[in-house]
Visitor: 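To start, I am sharing the structure in question, which I have written as C-alpha cells.
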There are 4 protein chains.
Amino acid sequence: MPKNIEPVYYSDYLQLDALLDAQQPHSKKYGAEAHDEMLFIIVHQVYELWFKQVLHELRAIHREFHEPKLDDKALYLVSHRLQRVLKIQDLMNDQVAIIETMTPQEFLEFRDYLVPASGFQSIQFKELEIRLGLTRKTRIAFDQQSFYNRLNETDRAYLEHLEEQPTLFDRVDAWLARMPLLEWQDFKFWEMYQKAVNQALDADEKIIRDNVQDEAQLRQELEGIQRNRDTFAALFASESYELLREEGAVRLSQQAMLSALFITQYREEPAFNLAWQVINAFAELDEKLTIWRYKHAMMVQRMLGTKIGTGGSSGHDYLRRTTEQNRVFKDFFAMSTYLLPKSALPELPEHVRQALSFSLEMGQRT
Amino acid sequence: MPKNIEPVYYSDYLQLDALLDAQQPHSKKYGAEAHDEMLFIIVHQVYELWFKQVLHELRAIHREFHEPKLDDKALYLVSHRLQRVLKIQDLMNDQVAIIETMTPQEFLEFRDYLVPASGFQSIQFKELEIRLGLTRKTRIAFDQQSFYNRLNETDRAYLEHLEEQPTLFDRVDAWLARMPLLEWQDFKFWEMYQKAVNQALDADEKIIRDNVQDEAQLRQELEGIQRNRDTFAALFASESYELLREEGAVRLSQQAMLSALFITQYREEPAFNLAWQVINAFAELDEKLTIWRYKHAMMVQRMLGTKIGTGGSSGHDYLRRTTEQNRVFKDFFAMSTYLLPKSALPELPEHVRQALSFSLEMGQRT
Amino acid sequence: MPKNIEPVYYSDYLQLDALLDAQQPHSKKYGAEAHDEMLFIIVHQVYELWFKQVLHELRAIHREFHEPKLDDKALYLVSHRLQRVLKIQDLMNDQVAIIETMTPQEFLEFRDYLVPASGFQSIQFKELEIRLGLTRKTRIAFDQQSFYNRLNETDRAYLEHLEEQPTLFDRVDAWLARMPLLEWQDFKFWEMYQKAVNQALDADEKIIRDNVQDEAQLRQELEGIQRNRDTFAALFASESYELLREEGAVRLSQQAMLSALFITQYREEPAFNLAWQVINAFAELDEKLTIWRYKHAMMVQRMLGTKIGTGGSSGHDYLRRTTEQNRVFKDFFAMSTYLLPKSALPELPEHVRQALSFSLEMGQRT
Amino acid sequence: MPKNIEPVYYSDYLQLDALLDAQQPHSKKYGAEAHDEMLFIIVHQVYELWFKQVLHELRAIHREFHEPKLDDKALYLVSHRLQRVLKIQDLMNDQVAIIETMTPQEFLEFRDYLVPASGFQSIQFKELEIRLGLTRKTRIAFDQQSFYNRLNETDRAYLEHLEEQPTLFDRVDAWLARMPLLEWQDFKFWEMYQKAVNQALDADEKIIRDNVQDEAQLRQELEGIQRNRDTFAALFASESYELLREEGAVRLSQQAMLSALFITQYREEPAFNLAWQVINAFAELDEKLTIWRYKHAMMVQRMLGTKIGTGGSSGHDYLRRTTEQNRVFKDFFAMSTYLLPKSALPELPEHVRQALSFSLEMGQRT
C-alpha cells in the first residue's frame, strides 16, 4: 500500500455532480416538465451504467480467451465474472417492472419530443451484442439494415470496426476446439461416444419392435429412432456437419461442439468442472438476453399498442424475429439434443480419467 | 366466535401426512431412485397447489362479475384478489429457476419412466385458461386437438363442460358494456372522443405539411397519419369494428372497448379508479401468463434440445405459437393504440365529472 | 404539440458522454487498476440515480400533501407514485446481490484508497430519510452524532436546513387528523369503535371464564385480556395516548391514528379505498427500507467481517440498532394491534355509509 | 432401460387426488368458510413441500460428508445441490410476499380457529435447523424450551433423536480439519500466513507513525492496529482460540478455521475451487435462512401488531433474538475478518502450487 492516500469524499469519488446533473427532461424546453420524463431518463441511464459494467467484464473475459493458454486460474476468473454478468442481467430483466409503472398516457406527455431517438442507438448494447458474436451476418434481416442507418458517423464507424474483430464466440469456439483430451494417445472421444449412441438407439429400437403391435404406431416410432440416428450421424461426419452449419442449424465448429459435448457429459470430472461452468454460463447469458428482449418488446407494445415506436420499430414484429434468432450460444443451450443418460454412458478409460483428476485428492481421511 | 374451538395441531391442520407422502418417484420401481426425480415431482406439485389457489381466487372473482350489480365494495375485492393472483404468478415465473437447477442428464435418468405423462394434462391449468376465456375457438390450432386427446374420460368431460360456461372474459365484457356513463343524458363519450382524435390528427397533419420538404418522406408520413385515421375509424363504426372482431384483431365488444377506453383515459376520476385497476390487472395477468409459457418453453428446450417432449410436444414450436396467440385480454394490453395524450384530451362536462366524484370530498382542510 | 421539435439523438438525450465518463477508479492512481473497483463505483452510482428518482417522487408527493385540499385525483397520483417507489425499492433490495458478487479479497484490493469515504455521506439518502420523517430526534443515537461529522460544510448545511422543514410524516399526520368523517353530525367513530372493542373483549372473557378450569391458566389468560383492554384504553384516552407518544411507543397524533384505524377497518368503502392504499404504501415503503438496511448491513459484515467499515461503522452493530428503530411509519405497520375481525365490527350508520359512496353506482345491470 | 414401462398419467404420477384434497379450512366447521384460509393453508403447504426438497438435498449432502473420502466428483455434487437449495431459499424468501396479500382483518376471520397451532411445530423446519447444526445448545434460550413443549410425543422423540446425531456442521468441520495440505512436507500454512499478517500490520503501523501528527488520533489508530494483532494472535494460538470458541465467538475448530482460511485465500487454485464453492454456499445458505426468519418475523408483526402469535410467540422479540444468534456457519460468513489483500499474500511454494494443480493443463494452445 502506498504511503500517502489522499482522503476521499463520497460525492467526489462517485462524481455525483456530473452524474446527478445529467437528467435534463426535454419536455421542459417546450412547456411544463412532464413529471415522468425523469423516470424515463433515469431508467435508461441505469441501463447504460449496467451495460458499461457488463462490457467491463466481457472485455476482461475476452482478453483471457485471447491468451495463448487459458489455465484453470484464468478459467476460474472467467467463470466468476460471467456469474456476475448473469446477476446483473437478472436485475436488468426485473428493471422492466420500473418503466412499466409509467402508464401509456404518461409516456405520451413527452414522447413526441424524443423523435427520432431510439434504444436501437445504444452503442454499448450493440457493442455487447457484437462482442458476444451477433455480427451482421448472424443478425436478423431487420436489424442488419436498420440500426446502422440511425447512427451518427462516429458511432457507426466504431461498431463497424468492432464487427471485424474476433468475437467472444470465435474465441470460445477456438478454445474448445483445441481441447487436448478430445483425441489423446489411443483415445478418441467421438469413437467412444458414437458407439454408445448406437448401442442406445439399437436397444430402443429392439424394445419398440418387441412391444409395439399396432403397425401405424410402430412405423411412427421407428421413424423417430431414425431421425435420432440422422441427428447423431450429422454430428460425427464432418461433411454433413458443415452442411448443418451452413444452414444455420448449428454455429460451433465440429471440434468445438464435440468438446462441449464431452465436457457436458463428464462435467463431474475435476478438470472439466470449471469449463462446464463457463459453457453453462454462456448459455444462461444468452437465455437472459432473450428474456430481456422479450420483456422489452412486450413493454413497448403496452406503451404504444400497435403504433410505431420512436425509432420506427414495431415491438410486436421485433419480438417475433429477434427472440428466437438473435442467439449466439444456442448450441450450448440445445446441447441436450446430443446427451445420453448416465446409464448409457461408457466409463472413461483409466488413463483418461487420471488425466482429468488432481494429482492430490482433497478431503481424504488419513 | 363460537365457544368451543377444538385445539389444532400444525401437522394435522395442514394434513402433512397426506401431503408429504404424495411423492413417489417412479425410477424406484425400475431400479435405483433417481435423486432428482423428487425435485421434478415437488416442483410440479407446488405448481398445482398454486393453480388451486389461483382458481380459488378466479372462481370468487367470476362469481362477483356474475352478480346483477357489481358495486365498488365488490370491485375492491375483485381488485384485491387479482393483485394476489399477480403476486402468485410472479412467484410461479421465478420458480422456473428451480427446475433449471436440474441438468438435462439428471432429467434423462428418469424421463423414460414418465411416458406419456405431460404437463398438457394439468386439468387445473386448463381450467384456468378456459375460465379466463381461452376456449377451443380462440386457442391455437395445435392446442385445439392436442390436449383433449391426452386426457382420460372424466377429465375431458369436465373441461368440455367448462368450455360451455360463460368465461371471465365474457363477464368482464358484459360488465364494461353496461357501464352507465358511456352514454348519459346528453353526453356521448365516443362523440366527444372522436372529435378530439380528429383534432389531434388534423394538427399532426398540418405540422407535417408545413415542415416536411422531401416529397418521399412527406408521402410516407401522411400515410402514417392515414393509417391512424383508419384505426380510429374502425373503432367508432360498428360495422368495421365487427369486421376487426371477426378477423381476431380485437376480441372485446365495441361497447366494452369504448368503456375500457373511457376508464383508461379518465382513470383519475374517483369512480373510475377501481375499474381501471381491474382492467389493468387483467392485462398484467395475461402478460405474466405469457411470460410463464415463454420461460417454460425455453426450459423444455434446454432440457430436451430438439428432441420431442414426454407428451410429444416440441417446446420450440409451441413457444412460437402460444405466447403470441393465447392471450385473452390483449385488448386491454394494447389499449394504448387508442390513447390520446392528456393535453389533447377534452375536459369532461361538469355534470359528468360530478357523477364520477364522491358526494363527500376526503382530505379537505376545514 | 409545438411545431418545431429538434431531432434528438439517443446518447445526447441521456448525456452519455458525462454519464459514462464518471467512473474513475482510484486504484489506478496508486498502481494497477483493481478490476472490481468499476463494479463498486457503478453499483453506488446506480443507487444514487434511483435515490434521485425516489426523491423526485417523494417531493411531488410532499407537494400534494401540502395543498390545502387533497382530493381523490391527487390521492390517486400519490398512490400511483408510491407504487413506483415501492417497485424501485424492490429493485434496490435485489441489487445487493450484485455487490455480493465481489469477494472480500477483491474489495481489499482497493478499499484502502477510499478512506474515509462512506455511504453515510450519501446526501440523497439522508434527504430521503429526513423527508420521510427520520429527523435527528427520532434517529438512533449512533446516527445522530455520526453522520453529520462526516459531511462537508455545504452538505451539512443543506441537511440541517431540511431538518427544519415539515416532513412527509408531519403532512400525512395532518391530512389524516383533518379527515372529515371521524366526527360527523351525530356520528363519532371512536365511540362506536370503543363499544365494539368492549363487547368483543367481554365475550372473550366470558368464554375463558366458562371454559378454562385450571386456575393458573385462567389467571394467565385473564391477564392477556386485561393487557388488551389497557392497550385499547390508551388509544381512546388523549392523556394516556400522549404518554405513549412521549415514550416513543406511537408516533402519530391521536386523531391521525384514529383516522388511520377507521380507514383500515372500512377500506372497502369507496371513499376510503385510495386513502387506504396510501397508508398501506407508506407502511410498505418503511418495511422495504428496513430490509434494505438489513441486507446492506449483512453485506458489509460479509465484506469486512468484524473489521471496521471505511467510514468507521461496524455493520453488525448498526444492524441491530437501525433496522428496528429507524422506522417512520411504524404505526401503520403495526395497525393490526387495534383491528377487530369483521364479524365483531359494527355496520356503519346509513348516512355515513352514503357519504362514503359514489353518487352514481358503477356496473349496475339495467 | 427396462422393457416394460407402465404408461403414466399426469395426475396419478403427482398424486393430485391426495394433494388437492388436503386443504380443509377450519372456518367452515364453525360457520361460513373464510375465503382467505385457503391461501393460509396452501402457503404453508408449499413451504412444507420445499422443506421436504431441501431436506432431500441436505440428507444427500450429509451422506457425502460421511464418506471416508470426499473426492472432487462428490464435492461437485455437493456444490451442485447446495446451489439448488439456495435457489429454493430465494423462492421461499420471495414467497413471504404472497402471504402479505392477506390483510390482518382477513386473517382475523379465521385466526381463532387455529389455536394453539404454530409454525414452531413444523418438524421439517426443525429437522432442517438441527441437521445443519442448530442444536439445543447453540439455539437461543427462547427456542430451547419453547418449541419442544409444543410438540406431540412422536415428533418430540424424532427431533430429540436427531439432536444426538452428528450435524452437517460437525461433518463439514471434520472435512476441513483433515485437509491434507494445511501441513504438508516442510510447508505449514499458518506459519506462512502469520508471517504475512505481521508484515502487513507492521507496515500499517509504520505508515501511521510516519504520518499521523495528532497525538489523540495516533493513539486511536495504534489501538486499532493492536486490536487487529490480538484478533490474529487468537487465531493462531490454540489456547486463546479455544477460549474464543467457548465464548461462542467462533464455532469451527481451529484446524477447520485455518483450512477454510487457506481455501478462501487461494480459491483460484484448481484444487481449492470446488471446496471454496461449498464453503461459500454454506455461508449463503445461512444468510438466506436469516433473511427468511427476518421477513417472516416482520410479516407476523404486520399481521398481529403487538399481539401474541397463535403459538404464543411475539414476532418482534423473536426477530431480535434469532436473526443474529441462530447462525450455524457464521465463521464462513465472517471469514473476511482474517483475509489479507492479494498484494500482501505470499506466493505459495512451487511444490504446494503443483499439488493444487491438475496433472494436465486444459485449454493450452498447441
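Each chain gets a letter, A, B and so on, in the order the sequences are listed, and its residues count up from 1. Only this structure's heavy atoms are used, side chains among them; waters, hydrogens and symmetry mates stay out.
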Visitor: Which bit of B:Leu16 is near chain D, if near means a heavy-atom gap under 4.5 Å: side chain, backbone, both or neither?
Guide: side chain
Visitor: With B:Thr101, which of D:Lys87, D:Glu57, D:Arg81, D:Arg84 fulfils side-chain hydrogen bond (donor to acceptor under 3.5 Å, both in side chains)?
Guide: D:Arg84
Visitor: side-chain contact (heavy atoms from CB on, under 4.5 Å) for D:Val46 and B:Trp50? Distances and angles first, verdict last.
Guide: CA-CA 8 Å; D:Val46 169; B:Trp50 290 131; 3.9 Å; yes
Visitor: Locate the shortest heavy-atom distance separating D:Leu14 from B:Gln45; write the atom from each residue and the value.
Guide: O-NE2, 2.9 Å
Visitor: Pick whichever of D:Asp12, D:Thr103, D:Ile88 has the most heavy-atom pairs under 4.5 Å with chain B.
Guide: D:Ile88
Visitor: Distance only, no hydrogens: is a donor on one side chain within 3.5 Å (strictly under) of an acceptor on the other, for D:Tyr13 and B:Gln121?
Guide: no
Visitor: Look at the side chain of D:His56 and the backbone N and O of B:His35, then say whether any donor-acceptor pair between them is shorter than 3.5 Å.
Guide: yes
Visitor: Between B:Gln95, B:Gln24, B:His44, who has the most heavy-atom pairs with chain D when the cutoff is under 4.5 Å?
Guide: B:Gln95
Visitor: Taking side chain as everything from C-beta outward and backbone as N, CA, C, O, which of these in D:Ile41 sits under 4.5 Å from a heavy atom of chain B? Side chain, backbone, both or neither.
Guide: both
Visitor: Which answer fits B:Gln89, side chain, backbone, both or neither, if we ask what part of it has an atom under 4.5 Å from a heavy atom of chain D?
Guide: neither
Visitor: Are the side chains of D:Gln23 and B:Leu49 in touch, meaning some heavy atoms are under 4.5 Å apart?
Guide: yes
Visitor: Measure the spacing between CG of D:Leu19 and CG of B:Leu19 and express it to the nearest 0.5 Å.
Guide: 5.5 Å
Visitor: Would you check if there is a donor-acceptor pair between the side chains of D:His26 and B:Glu6 at a distance under 3.5 Å?
Guide: no
Visitor: Chain D: which of B:Ser122, B:Ala18, B:Pro7 shares the most heavy-atom pairs with it under 4.5 Å?
Guide: B:Ser122
Visitor: Tell me, do B:Val115 and D:Val8 make a side-chain contact under 4.5 Å, heavy atoms counted?
Guide: no
Visitor: Of the backbone (N, CA, C, O) and the side chain (C-beta and beyond), which part of B:Asp155 lies under 4.5 Å from a heavy atom of chain D, both, or neither?
Guide: side chain
Visitor: Heavy-atom distance under 4.5 Å to chain D: side chain of B:His80, backbone, both or neither?
Guide: side chain
Visitor: How long is the gap from CG on D:Asp90 to CG on B:Asp94, to the nearest 0.5 Å?
Guide: 9.0 Å
Visitor: Go through D:Glu100, D:Met102, D:Lys29, D:Glu106 and name the one with the most non-hydrogen pairs under 4.5 angstrom from chain B.
Guide: D:Glu106
Visitor: Please name the pair of heavy atoms, one in B:Lys52 and one in D:Leu20, separated by the smallest distance, quoted to 0.1 Å.
Guide: NZ-O, 2.7 Å
Visitor: Minimum heavy-atom separation for B:Tyr10 and D:Ser118, please, with both atom names.
Guide: CD1-O, 3.3 Å
Visitor: Hey, which of D:Asn152, D:Asp17, D:Asp21, D:Ile123 has the most heavy atom pairs under 4.5 Å with chain B?
Guide: D:Asn152
Visitor: Looking at every non-hydrogen atom in both residues, tell me the closest pair between D:Tyr9 and B:Arg150 and how far apart they are.
Guide: CE1-O, 3.5 Å
